[in-house]
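The structure appears below as structure tokens.
Source: prediction; values computed, not measured.
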Amino acid sequence: MSDGEDTPIVKCQHRRWRSVFAAIYSARIFVSLYKKIINKKQILRSLSYIALDVHDSDSSDDRLPSLSVDQKTLTEVVREKSLGTLSKLGGVKQIAASLETDEKDGISTNEADLAHRVDVFGANRYQKPPKKSFFSFVYEAFKDTTIIILLVCAVLSLGFGIKQHGITDGGYDGGSIIIAVFLIVVVSAVSNFKQNRQFEKLSKESSDIKVEVVRDGRRQFISVFEVVVGDVVFLKIGDQIPADGLFLDGHSLKVDESSMTGESDHVEINGSNNPFVLSGTKVTNGFGSMLATSVGMNTQWGKMMSSINSELDEETPLQARLNKLTSAIGKIGLAVAVLVIAVLLIRYFTGNTKDDQGNKEYIRGKTKFDSMMNSVVEIISAAITIVVVAIPEGLPLAVTLTLAYSMKQMMADHAMVRKLSACETMGSATTICTDKTGTLTLNEMKVTEFWLGKELMGSISSEIAPNVHKLLQQAVALNTTGTVYKPNSRSLPEISGSPTEKAILSWAVSDLGMNLDDPKQNYELIQVEAFNSEKKRSGVLIRRKSENGGATQVHWKGAAEMILAMCSQYYDRSGAVKAIDEEERVEMRKIIEDMATKSLRCIAFAHTKYPIDNERVLQESGLILLGLVGLKDPCRPGVRTAVEACINAGVNIKMITGDNIFTAKAIATECGILQPNEDMSEAVIEGVQFRNYSPEERMAKINRICVMARSSPFDKLLIVRCLKQNGHVVAVTGDGTNDAPALKEADIGLSMGIQGTEVAKESSDIIILDDNFTSVVTVLRWGRCVFNNIQKFIQFQLTVNIAALVINFIAAISSGEVPLTAVQLLWVNLIMDTFGSLALATERPTNDLMTKPPVGRSKPLISNIMWRNLIAQALYQVAVLLTLQFRGKFIFDVDEKVKNTLIFNTFVLCQVFNEFNARKLEKKNIFQGLHKNKLFLGIIAITIILQVVMVEFLKRFANTQRLNSGQWGTCIGIAALSWPLGWLVKWIPA
């Protein structure tokens, strides 16, 4: 059956069955009535007729669609792109009918209908590979070489200890190390597991894109996951196609199928030669609508995506730098450990070490093998533990924690991070290139002025000549990608489309009395040139449907000065056509400039008519100007403050816009990018001017440019390249498909969440969810905060690393003993790596961050200020602890075990107090804003409580002795001196 026939075979069969059902149902009612009468034994007067109200079951809202076409057929017809198979199925119209889809009104919004389609054809979701379990993170933590060596030593120590001293006394040393290692492994695994789940959640949110469909005649945006087979989906430039399907209607539709086929050439989609649309491909030109025929795992894209596991453990540049630092420190630690092993073994086997009773530990020929091996294992454990403390494995963990924390907080501040590296890179940004529309402005446009010829019009409908009025309605209704939905005559119209389209349609409906459907029913579109940011205009070639082969008309709409250049005549108020001479052209340009200086976006309409249908091209000259409209798009509240904050932070703001130079100047001045007394000759240029500069001129002038008007996407890419060559770290905002190259080229690509196309979002690193420039500044603050938090943690951790290495090394060389045991060092490691990174990596951004100049590309990770702070604290700790090591017994009149406990307790408390110092790298007041960071205070409290437990209650486990109040006071007093020391050191210029 051909596409044109009204009643498909399937519907005919359905109606026959309904007729049979109605007949049977009616007969049963007659029988039921007859039985009631007989049972009651009533005699009724015979009637000449009986009226029965029989409802067709088709009118019930509960009836589910029959969907008389199978999924396999739908999948194969699109995948194989077979026109022959499509023709056998009756064409696109027959498939739409089989899916019970109205090409204009779409499918029903009935929940049961939608659920039935999901049951029959599946949901638009992909099967993801199984998530990593918690035990896989535990296994990864156990794979660490130092952890494995420690466990081997612990097992050996356990074995020899039990053999020598029995289970009761011999298992403490080895058992303590095993418990400590397990504790570190579990804490690390829990932390990594939580971050992984958070990244997965963010990844899921970033893939939830919005798709425009029509249901029950109403255009609406739904989640891509809610698209079902039978949906009519609207496509425009930049959209990612959400399902496999068939072309229904549209113009100049081209898609990029390289993600599926690998072919870089864009493929034209039309109803005659290639109506097949593949999921996952992207629209590069034109617009149209499609019928969804396969979703989710029934599409090629779905099968491909299900086999890809998105890697969330992306290594950022900062993590790479930290891994190098970790490796370098680890090598130093390993060298120290080897020296310590060598010295301790030599001292042991030469009889220079003594046990707790003062006897030699090793006497040649007398010491038992088990005792000797136990001592050797203890020496190796202590040395390996030095390596564990020396290797700052907490650095990558701190980066992960601070990135995860900042990503979560940025989500609340309307910014979704797609690439982890962008968080930290944004902190180094020196220049932000921003769009105007929707970013600096509200993107809530409204027509505030209309000019007909050289006259500003007031009450439009009464003042315009009927012929011009009719042409204006045609110009708006036929040359638009927007829609007007009005369920009934009393309801307000719902207008959809881009902000510019919505403003013009709203003006046409209210002021021109336009009904969008009337021109569309009377005229057919022969050719369409869709709007793009290169030409900044769109055009249509139309013909009245009743005049087949008759006259055609062209309508153009776009940037006012560009449309004016295409016109040689204009309509006046009376509807007369007048020629545009040079004087009048200058006058009209002046009108456009005056509108632009009032921050209005100027759009012009032009028209011409061909007497006979001998033209198939859109004429671009000799047009008649229909009119000019001025659209007001006010600046966003708070944008001026945000721009000032960036300038104070040493970040340059450059506005790149497609608007004309006068509108650009007005908005830039209003936002604070330009100062009223600034020299505009170099600060404001047009894209074509910048394009025509020589490379040397561009590099010389790039830093002075603040505003670029009438720019193309290529100009944006060019300015980004020039800025990067000049040493800048560049952030760029973009929303269009053509912005993708600039977003990729920039150090940080920022796409717009509301107006941004899917292509732009995919090319970006961060999505600004509310399209607001203030959110861009928030991202800048968080970026600086990430870098600052990492520096705080590096300073804190390196202080501990240096102190622990030096103390153990000197003590081992001089006395043959390591004052800090393996378990104690592992406890210090836990405080440093996990608790320390949690406390310091979760500091929120402060206003101070925005008063410093940007870091840029070349600044070292460890600054002079950090070296000053950490060396001072490390020297103090080494001096105090070595004094306790060599003179502690004499000073405090205590035994060896209490002295070692004093060293351990003082060392841990020094780290607790130094954690406060690390909060502020430069400021002398380290307590500022402390009350706001509840997590920091909580971690300090937990650390202190656990330290008391270690010293006072876990004596055998931690190899400690209980301390009296005086000894505790001494430990706290020594550690607290790190505060005034930190304050004094900050007076030294770095």
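Looking only at atom types and distance, the side chain of Asn917 has no donor-acceptor partner in the side chain of Trp979 under 3.5 Å away. With 3.5 Å as the limit, one finds no donor-acceptor pair spanning the side chains of Arg919 and Asn933. Checked by atom type, the side-chain pair Asn789/Glu843 shows no donor-acceptor distance below 3.5 Å. In summary, the side chains of Gln795 and Trp867 do not present any donor paired with an acceptor at a separation below 3.5 Å, with no hydrogens or angles considered.
Here Ile974 contributes atom CD1 and Leu881 contributes atom CG; the two are 8.0 Å apart, rounded to the nearest 0.5 Å. Atom CD1 of Ile748 sits about 10.5 Å away from atom SG of Cys423, to the nearest 0.5 Å. Taken from SG in Cys910 to OH in Tyr876, the straight-line distance is 6.0 Å, to the nearest 0.5 Å. For the atom pair CD (Gln911) and CD (Gln873), the distance works out to 9.0 Å, reported to the nearest 0.5 Å. If you take CZ on Arg868 and CD1 on Ile865, they are separated by 6.0 Å, rounding to the nearest 0.5 Å. Atom CD of Gln947 is separated from atom CD1 of Ile942 by 14.5 Å, given to the nearest 0.5 angstrom.
Residue Val880 forms a side-chain contact (heavy atoms from CB on, under 4.5 Å) with just one option from Leu875, Thr906, Ile807, and that option is Thr906.
Nearest heavy-atom pair across Arg781 and Leu849 is O-CD1, 4.0 Å. Contact record, Phe936 with Leu930: CD2-CD1, 3.5 Å, taken as the closest heavy-atom pair. Residues Val912 and Phe916 share a closest heavy-atom pair of O-CD1, 3.4 Å. When all heavy atoms of Ala839 and Ile939 are compared, the pair lying nearest together is N-CD1, 3.5 Å. Closest of all the heavy-atom pairs between Cys646 and Leu780 is SG-CD2, 4.1 Å. When every heavy atom of Pro854 is checked against every heavy atom of Ala649, the shortest pair comes out as CD-O, 3.3 Å.
Glu922 and Lys986 are not joined by a salt bridge, as no carboxylate oxygen comes within less than 4.0 angstrom of a charged side-chain nitrogen. Salt bridge status for Asp895 with Lys889: absent, with no side-chain N to carboxylate O gap under 4.0 Å.
No donor-acceptor pair closer than 3.5 Å links the side chain of Asn905 to the backbone N or O of Cys971. Side-chain atoms of Thr901 never come within 3.5 Å of backbone atoms of Leu963 as a donor-acceptor pair (strictly under, hydrogens ignored). Judged by distance alone, the side chain of Arg962 and the main-chain N or O of Lys955 form no donor-acceptor pair under 3.5 Å. With hydrogens and angles disregarded, a donor-acceptor distance shorter than 3.5 Å links the side chain of Thr430 to the backbone of Val729.
Using a 4.5 Å cut-off on side-chain heavy atoms (C-beta onward), Phe913 and Leu977 make no contact. Counting only heavy atoms from C-beta outward, the side chains of Leu902 and Thr970 never approach each other to under 4.5 Å. The shortest side-chain heavy-atom distance between Val828 and Val800 falls under the 4.5 Å cut-off. Considering only heavy atoms from C-beta on, Met407 stays 4.5 Å or farther from Trp782 through its side chain. Using a 4.5 Å heavy-atom cutoff, the side chains of Ile766 and Met416 are not in contact. No side-chain heavy atom of Met410 sits less than 4.5 Å from a side-chain heavy atom of Thr778. The shortest distance between side-chain heavy atoms of Gln885 and Ile903 falls below 4.5 Å.
In this structure, Phe793 and Phe796 have tilted ring planes: the angle between them lies in the 30° to 60° band.
Cation-pi geometry between Arg887 and Phe890 is met: the NZ or CZ atom falls under 6.0 Å from the ring centre, inside 45° of the normal.
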